[in-house]
Undergrad: 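Next up is a structure, given as structure tokens.
What's counted below: heavy atoms across the whole structure, side chains too, no hydrogens, waters or symmetry copies. Since we're looking at a predicted model, the values are computed, not measured.
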Amino acid sequence: MAAALAQPTTYGCSPALLLSSKAAPPSAAAVAARSKNAPGESSVVTDVVVHPIVLLSVLDHHTRRQEGAGRVIGTLLGKRDGDRVEITNAFAVPHAERGDEVAIGKDFNRQMLALHLRANPRETVMGWYATALPDENDPNGESKCIADTSSLIHDFYAGECDDDPIHLVVDTSLQTDAIALRAYKSTPVCIKNEPLANMFNEIRLSVKSSESERICIDRMIGSNSAEGASTNEDETAALQVSMERLLEMLETCSEYVDKVVDGTISADDEVGRNISEVLNSVPRIRPEVFDKMFNDSLQDLLMVTYLSNITKTQLTIAEKLNETLGK
């Protein structure tokens, strides 16, 4: 059962209190993790920054969920700087919910975490994400951000995080023209020093994209428009013009140096210094080494393109099969 409380004041909405007679109260590990920040108010997380790649990972997981699954969950990775948490990565975790019981793939979570830390050793577990659950009792068809089993999953991640875990909720119901994102932190509700339930307070959340992410998102948006093909052609033409211009300038410099060496024209000290600075800025790589690097990069690019085309083909076939079997 979820009940709305008026106090304490939170950013965006009132906290949600989860009470369940069948659900176990917060464990000692969860209470200890949440009490680490109690002495200093400045250490309490007040802001959460989410990168677009995290949102795309959640949406991809939701799209590929099993038929009949109510929601999907996963692990959030990132870093913390004082009262600010930055979520930079995420991966899916299998789970099953039946009534008040929850089963989480703990071994899968640890294996995936170990693989991610090998590639990004600076990232740590910041919490978990989940998609919103449809509320059957709501006449407007809105979704529930916090479910009765959320406290059990949050309790599991409290043992996986160094600090109090962050709970990110993504509403995929598309009741509006936007995808709603909410971030929560949990505090235990105790009576006579005994933990009874979890209180989820919404905290400030923002979406931030790096330069590479912004370029990818702009490309994704442009590829869906009618001008996508013409944009690619324009960029290819601009690259060709740029390379031709560079070749022309190199030939001009080479011709100037030849004339100075032959004594046809007098040398200009400033022009010579500029040519020397340009040449010194170019890495000294033997031609055979450069050819090998270029060919290796080209082969990697061709392999990625080939794998991408295979993946698209398999996804298209899978969608067609699902449509055929669903009829």
Undergrad: Count the heavy atoms belonging to other residues, nucleotides or ligands that lie under 6.0 Å from CG of N295, then report whether that count exceeds 12.
TA: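 Yes, the 6.0 Å shell around CG holds more than 12 heavy atoms from other groups.
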Undergrad: Where is the tightest heavy-atom contact between V170 and I179, given as atom of each residue plus distance?
TA: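 Minimum heavy-atom separation between V170 and I179: CG1-CG2, 3.6 Å.
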Undergrad: What is the minimum heavy-atom distance between P94 and F108, and which atoms define it?
TA: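 Reported closest heavy-atom pair: CD-CD2, 3.2 Å.
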Undergrad: Decide whether R71 and T149 meet the rule of one side-chain donor and one side-chain acceptor closer than 3.5 Å.
TA: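 Yes, T149 and R71 have a side-chain donor paired with an acceptor closer than 3.5 Å.
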Undergrad: Can you tell if the side chain of F156 reaches within under 4.5 Å of the side chain of N109, non-hydrogen atoms only?
TA: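 Contact flag for F156/N109 side chains = yes.
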Undergrad: What's the shortest heavy-atom distance between S266 and V260, and which atoms?
TA: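 Minimum heavy-atom contact is O-CG2, 4.4 Å.
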Undergrad: I want to check something: taking the side chain as every heavy atom from C-beta on, are L168 and V48 in contact at a cut-off of under 4.5 Å?
TA: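 The answer is no; the side chains never approach within 4.5 Å.
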Undergrad: Kindly check if the number of other-residue, nucleotide or ligand heavy atoms within 6.0 Å of CD (E270) is above 12?
TA: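 For E270, atom CD is not crowded (no more than 12 foreign heavy atoms under 6.0 Å).
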Undergrad: Tell me the closest heavy-atom pair linking K185 and V45, and the distance in Å.
TA: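 Reported closest heavy-atom pair: NZ-O, 3.3 Å.
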Undergrad: For the residue pair L77 and N120, establish whether any side-chain heavy-atom pair is separated by less than 4.5 Å.
TA: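 No, their side chains stay 4.5 Å or more apart.
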Undergrad: With the threshold set at 4.0 Å, does a side-chain nitrogen-carboxylate oxygen contact exist between E255 and K259?
TA: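 Judged by the 4.0 Å cut-off on N to carboxylate O distance, E255 and K259 do form a salt bridge.
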Undergrad: Please work out whether the ring planes of W128 and Y157 are parallel, tilted or perpendicular, with thresholds of 30° and 60°.
TA: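 The arrangement is parallel - the two ring planes meet at less than 30°.
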Undergrad: Measuring only between side-chain heavy atoms, which start at C-beta, is H116 closer than 4.5 Å to N89?
TA: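 When only atoms from C-beta onward are counted, N89 and H116 do touch, with a gap below 4.5 Å.
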Undergrad: Within a reach of under 6.0 Å around CZ of R84, are more than 12 heavy atoms found that belong to other residues, nucleotides or ligands?
TA: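 It does: R84 CZ has more than 12 such atoms within range.
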Undergrad: When you compare the side chain of E97 with that of I153, does any pair of heavy atoms fall below 4.5 Å?
TA: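 They are in side-chain contact.
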Undergrad: Closer than 4.0 angstrom, basic N to acidic O: yes or no for D269 and R273?
TA: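 No, no charged N to carboxylate O under 4.0 Å.
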Undergrad: Which word best sums up how the rings of Y184 and H167 line up, parallel for under 30°, tilted for 30 to 60°, or perpendicular for over 60°?
TA: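 Geometry flag for H167 against Y184: tilted rings.
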Undergrad: Measure across A183 and I166 and return the closest heavy-atom pair with its distance rounded to 0.1 Å.
TA: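 Of all heavy-atom pairs spanning A183 and I166, the closest is CB-CG2, 4.4 Å.
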Undergrad: Surrounding CD1 of I53 (heavy atoms of other residues, nucleotides or ligands, distance under 6.0 Å), is the total greater than 12?
TA: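 It does not: I53 CD1 has 12 such atoms or fewer within range.
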Undergrad: How about H51 and E213: does a side-chain donor come under 3.5 Å of a side-chain acceptor?
TA: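 The criterion, which ignores hydrogens and geometry beyond distance, is satisfied for E213 and H51.
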Undergrad: Within the distance-only criterion (no hydrogens, no angle test), does the side chain of R65 pair as donor or acceptor with the backbone N or O of H62 below 3.5 angstrom?
TA: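 Confirmed, R65 side chain pairs with H62 backbone.
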Undergrad: Mind checking whether S242 and L246 have side chains closer than 4.5 Å, heavy atoms only?
TA: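 Not in contact.
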Undergrad: What I want to find out is whether D47 reaches R204 closely enough, with some N-O distance under 4.0 Å, to be called a salt bridge.
TA: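 Yes, D47 and R204 are salt-bridged.
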Undergrad: If you compare all heavy atoms of T131 against all heavy atoms of T172, which two are closest, and at what distance to 0.1 Å?
TA: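 Smallest interatomic distance, heavy atoms only, reads CG2-CG2, 4.0 Å.
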Undergrad: Report yes if some heavy atom in the side chain of H154 is under 4.5 Å from a heavy atom in the side chain of D164; otherwise report no.
TA: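 Of all side-chain heavy-atom pairs linking D164 with H154, at least one is under 4.5 Å.
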Undergrad: Is there a side-chain contact between L56 and D60 (heavy atoms, below 4.5 Å)?
TA: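 L56 vs D60: side chains apart.
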